[in-house]
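Structure first, commentary second.
Values in this document were obtained by computation on a predicted structure and should not be read as measured data. Throughout, protein chains are lettered first and strands after them, A, B, ... in sequence-line order, and every chain is numbered starting at 1.
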There are 2 protein chains.
Amino acid sequence: MGRDSLTERELDIMSVLWRNGSGTVSEVREDLADEPGYTTVLKILQILEEKGAIRHETEGRAYRYYPLVAPEEEGGRALTKILDKIFHGSAELMLARLVSDAEISPDQIERMRLLLEDAASRAEEEDR
Amino acid sequence: MGRDSLTERELDIMSVLWRNGSGTVSEVREDLADEPGYTTVLKILQILEEKGAIRHETEGRAYRYYPLVAPEEEGGRALTKILDKIFHGSAELMLARLVSDAEISPDQIERMRLLLEDAASRAEEEDR
DNA sequence: TCCTGTCTACGACAACTTTCGTACACGGGG
DNA sequence: CCCCGTGTACGAAAGTTGTCGTAGACAGGA
């Protein structure tokens, strides 16, 4: 299972698999910004499989790898870690930083606002 | 400067320094959940100093360490990384996961919503 | 003065990560 | 049948991280 946290390189590769749904060694390699050696990519895929983050099926003479861990799951872990260790539990401070740092479209901001509205009203619901 | 990203242990220690403002080796050590050996903590502090994330002043016979990198700065880096690599740029998906995963008080949700309202109206302002 | 406790400096060492070289399998074309 | 291209398997090697043992400085009390 996805207990062990992912290293930098492993995350790079998971990112490709999440984006594309699956990938062979060559496909993944081509999508990496710096295109490491073929066997390097293979090695990391094998490690990820060992860690239980992905699995493979045979496709012709090659392997096709599929994510077993959902990005939201890994993202949740990463976010709570940052929230605790860097922002000491202040989700607003964290959100403020996100809004100021990342380039987020007004459109997206609006949808995020609606999301929070929903969350708020759902919490109210629960109160009764 | 704070270019190199922080490892797990380094982040643990930065977290203590951010929370307390500063700390000696012993102080930091006492605040770590698992209290590693004294020299272990010292070593990581020396590495953090080498990386430019902290500095020290002499205090009596001991050193007192101070953060040089602000938590928001490090947090911004970490958040954009997660946004890009895990949520592929979708800040809403990321926020949704945060809200569902971390325990956030209704109070905090409301303040976050206001924050987004402000951000939205400021963006509108800019349009004119 | 000498011992003891508290501190930093230095370096060893194991574990893990990342990289890749080399070997081996195997199907298809000549 | 033999070779070539495209795969995986295996393991070496270098770099990084995390841990700590040991040494040495130094102040304060007996």
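- Atoms CD (E30(A)) and C1' (dT6(D)) sit 13 Å apart, rounded to a whole Å.
- Residue R61(A) has its side chain nearest to dT6(D) when only dC7(C), dT6(D), dG11(D) are considered.
- A donor-acceptor contact shorter than 3.5 Å is absent between the side chain of R55(A) and the backbone of L68(A).
- When the C1' atom of dT19(C) is taken as reference, atom CD1 of I44(A) falls 8 Å away, rounded to whole Å.
- The shortest non-hydrogen separation linking E10(A) to T7(A) is OE1-N, 3.0 Å.
- Using a 4.0 Å heavy-atom distance criterion, T39(B) is classed as a base contact.
- Of all the heavy atoms in G21(B) and Y66(B), the pair that sits closest is O-CD2, 4.0 Å.
- One can place CG of L45(B) at 16 Å from C1' of dC10(C), the figure rounded to the nearest angstrom.
- Checking dT18(C), dT17(D), dC20(D) against every side-chain atom of K51(B), the shortest atom distance belongs to dT17(D).
- With dA9(D), dT8(C), dT18(C) as the candidates, the nucleotide lying closest to the side chain of Y63(A) is dA9(D).
- Side-chain proximity of T7(A) to the nucleotides dC7(C), dG18(D), dT17(C) is greatest for dT17(C).
- For the pair I47(B) CD1 and dG11(C) P, the interatomic distance rounds to 15 Å; values are reported in whole Å.
- Along DNA chain C, the nucleotide closest to K43(B) and the one closest to K43(A) are compared, and the more 5′ of them pairs with K43(B).
- Nearest to the side chain of R9(A), among dC20(D), dG7(D), dT18(C), sits dT18(C).
- Shown here for L83(B) and A102(A), the closest heavy-atom pair between the two residues is CD2-CB, 3.6 Å.
- Comparing dG18(D), dT8(D), dC20(C) by their closest approach to the side chain of A62(A) singles out dT8(D).
- Comparing E35(B) and Q46(A) against DNA chain D, the residue whose closest nucleotide sits nearer the 5' end is Q46(A).
- Atoms CZ (R29(A)) and C1' (dT8(D)) sit 15 Å apart, rounded to a whole Å.
- Taking side-chain N and O atoms only, S26(A) has a distance below 4.0 Å to OP1 or OP2 of dG7(D).
- Side-chain nitrogen and oxygen atoms of Y38(B) include at least one within less than 4.0 Å of the OP1 or OP2 phosphate oxygen of dT8(C).
- The nearest pair of heavy atoms linking R64(A) to T24(A) is NH2-CG2, 3.7 Å.
- Which of dT19(D), dT8(D), dA12(D) sits closest to the side chain of L42(A) comes down to dT8(D).
- Counting to the nearest Å, the C1' atom of dC7(C) and the CD atom of E59(B) are 13 Å from each other.
- Of the listed nucleotides (dC7(C), dC20(D), dG18(D)), dC20(D) has the atom at the smallest distance from the side chain of T40(B).
- The nearest whole Å value for the distance from the CZ atom in R64(A) to the C1' atom in dT6(D) is 15 Å.
- When the P atom of dT17(C) is taken as reference, atom CG of D12(A) falls 14 Å away, rounded to whole Å.
- Across every non-hydrogen atom of L6(A) and M14(A), the tightest pair is CD1-CG, 3.8 Å.
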